[in-house]
Undergrad: 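Here you go, one structure.
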Amino acid sequence: MNKIESILNDIDELLEDSWSLPLTGGRCVVDAERVRDLIDSIRMNMPAEIKQARAVVADRNQILTMAKGEAETLIRKSEERAKSLLEQESIVRQANAKAVALLNDASNRAGKIIDDANRQAEEMLSEASRKANETLSAASMNSHALKQASYDFAENVLRAAQETLSKSLTNVTGTRESLAEAFTESKRREAEMKF
């Protein structure tokens, strides 16, 4: 399991361990600081996939360079051998035939080495690119879901606070009106008692 998958599993566990907020339609409370830390960890670990893709490209270039070097060495040795054989007058025809065969064999082997190196490099690059895309896609989806959950949670908390404040304001208004009525009634009785 790579680091990104581990972090995504931590996010799943964090959501599993969260507790539901009453009267919010199933919304839950999560540790926002922990979520931010996990998102930061995803961001810090994403470039590893890109570095891996670059390393694959570098490996491909190295394989191609090695393959070309081997091909050049084979051709040079074949040419040297052919030259040595041609210098011997008694076996000129045999040397010529062997030289052609060696050159053909070297060329065939060099072509096969280069083809194999290209194929392996393309496969490695394709796999690294696929993994990088999957990781980035999963991280993007999870980031969006966490942002939406955070927004929904904040909205529900603020709505509940607004309702509580509204009820409290209504109660305060009613109490003020009751006090005013009691005060007016008290003054009226005092006025009656004077007469």
Side-chain angles (χ1 to χ4, degrees), residues 1-75 105-169:
M1 179 183 305
N2 64 31
K3 183 68 175 175
I4 296 292
E5 290 174 350
S6 175
I7 294 169
L8 293 175
N9 287 340
D10 289 345
I11 292 172
D12 282 339
E13 289 176 12
L14 183 64
L15 293 174
E16 285 292 326
D17 294 341
S18 63
W19 51 276
S20 296
L21 192 64
L23 305 173
T24 61
R27 304 291 183 202
C28 60
V29 175
V30 295
D31 183 351
E33 190 63 32
R34 177 74 178 131
V35 171
R36 286 190 197 96
D37 289 343
L38 291 171
I39 290 171
D40 287 342
S41 293
I42 289 173
R43 288 187 179 123
M44 288 189 310
N45 285 283
M46 276 194 292
E49 300 295 333
I50 296 170
K51 287 179 183 176
Q52 184 180 3
R54 288 179 181 162
V56 168
V57 172
D59 287 345
R60 174 188 177 190
N61 292 337
Q62 185 178 3
I63 290 169
L64 288 173
T65 301
M66 289 173 59
K68 288 178 182 177
E70 286 183 27
E72 289 171 1
T73 300
L74 286 170
I75 290 170
D105 181 60
S107 180
N108 289 337
R109 287 173 62 188
K112 186 177 184 306
I113 289 170
I114 291 172
D115 288 343
D116 288 345
N118 274 326
R119 180 182 51 77
Q120 289 176 5
E122 288 296 333
E123 289 174 358
M124 292 170 68
L125 184 59
S126 176
E127 180 64 13
S129 178
R130 183 186 64 78
K131 286 183 179 178
N133 287 336
E134 287 177 357
T135 301
L136 290 172
S137 178
S140 177
M141 287 190 301
N142 280 297
S143 175
H144 177 74
L146 286 170
K147 285 178 183 177
Q148 184 65 46
S150 297
Y151 171 80
D152 290 344
F153 172 73
E155 178 66 20
N156 288 329
V157 168
L158 291 172
R159 185 182 298 112
Q162 184 179 14
E163 291 172 1
T164 301
L165 287 172
S166 178
K167 288 178 183 176
S168 296
L169 183 59

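We use all heavy atoms of the structure for the numbers below, so side chains are in, but hydrogens, waters and symmetry mates are not.
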Undergrad: Would Arg159 and Glu163 count as a salt bridge (charged side-chain N to carboxylate O under 4.0 Å, His left out) if you check the C-alpha gap in whole Å, the side-chain angles of each, and the deciding distance to 0.1 Å?
TA: CA-CA 6 Å; Arg159 185 182 298 112; Glu163 291 172 1; 5.4 Å; no
Undergrad: To the nearest 0.5 Å, tell me how far Glu70 CD sits from Met66 CE.
TA: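 If we round to the nearest 0.5 Å, Glu70:CD and Met66:CE are 6.0 Å apart.
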Undergrad: Within the side chain of Ser166, is there an N or O that forms a donor-acceptor pair under 3.5 Å with the backbone of Gln162?
TA: no
Undergrad: So, taking the atom named CD1 in Ile39 and the one named NZ in Lys147, what distance separates them when rounded to the nearest 0.5 Å?
TA: 7.0 Å
Undergrad: Would the distance check show the side chain of Ser150 and the main-chain N or O of Leu146 forming a donor-acceptor pair, the cut-off being under 3.5 Å?
TA: yes
Undergrad: When rounded to the nearest 0.5 angstrom, what is the spacing between CG in Leu38 and CD in Glu33?
TA: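 Between atom CG of Leu38 and atom CD of Glu33 there are 10.5 Å.
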Undergrad: Start with the C-alpha gap between Lys112 and Asp116, add the side-chain angles, then the distance that decides, and say whether salt bridge (charged side-chain N to carboxylate O under 4.0 Å, His left out) holds.
TA: CA-CA 6 Å; Lys112 186 177 184 306; Asp116 288 345; 3.0 Å; yes
Undergrad: If you count every heavy atom of other residues, nucleotides or ligands that lies below 6.0 Å from Arg109 atom CZ, does the total exceed 12?
TA: no
Undergrad: Evaluate Asn9 against Glu13 for side-chain hydrogen bond (donor to acceptor under 3.5 Å, both in side chains), listing each step before the verdict.
TA: CA-CA 6 Å; Asn9 287 340; Glu13 289 176 12; over 6 Å; no
Undergrad: Any sub-3.5 Å donor-acceptor pair from Thr135's side-chain atoms to Lys131's backbone N or O?
TA: yes
Undergrad: Salt bridge check: are Glu123 and Arg119 linked by an N-O gap of less than 4.0 Å?
TA: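 Salt bridge present between Glu123 and Arg119.
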Undergrad: Counting only heavy atoms not in Gln62, do more than 12 sit closer than 6.0 Å to its CD atom?
TA: no
Undergrad: How about Asn133 and Arg130: does a side-chain donor come under 3.5 Å of a side-chain acceptor?
TA: no
Undergrad: Is there a side-chain contact between Arg34 and Asp10, using heavy atoms and a 4.5 Å cut-off?
TA: yes
Undergrad: Return yes if a side-chain donor-acceptor contact under 3.5 Å exists between Glu122 and Asn118, otherwise no.
TA: no
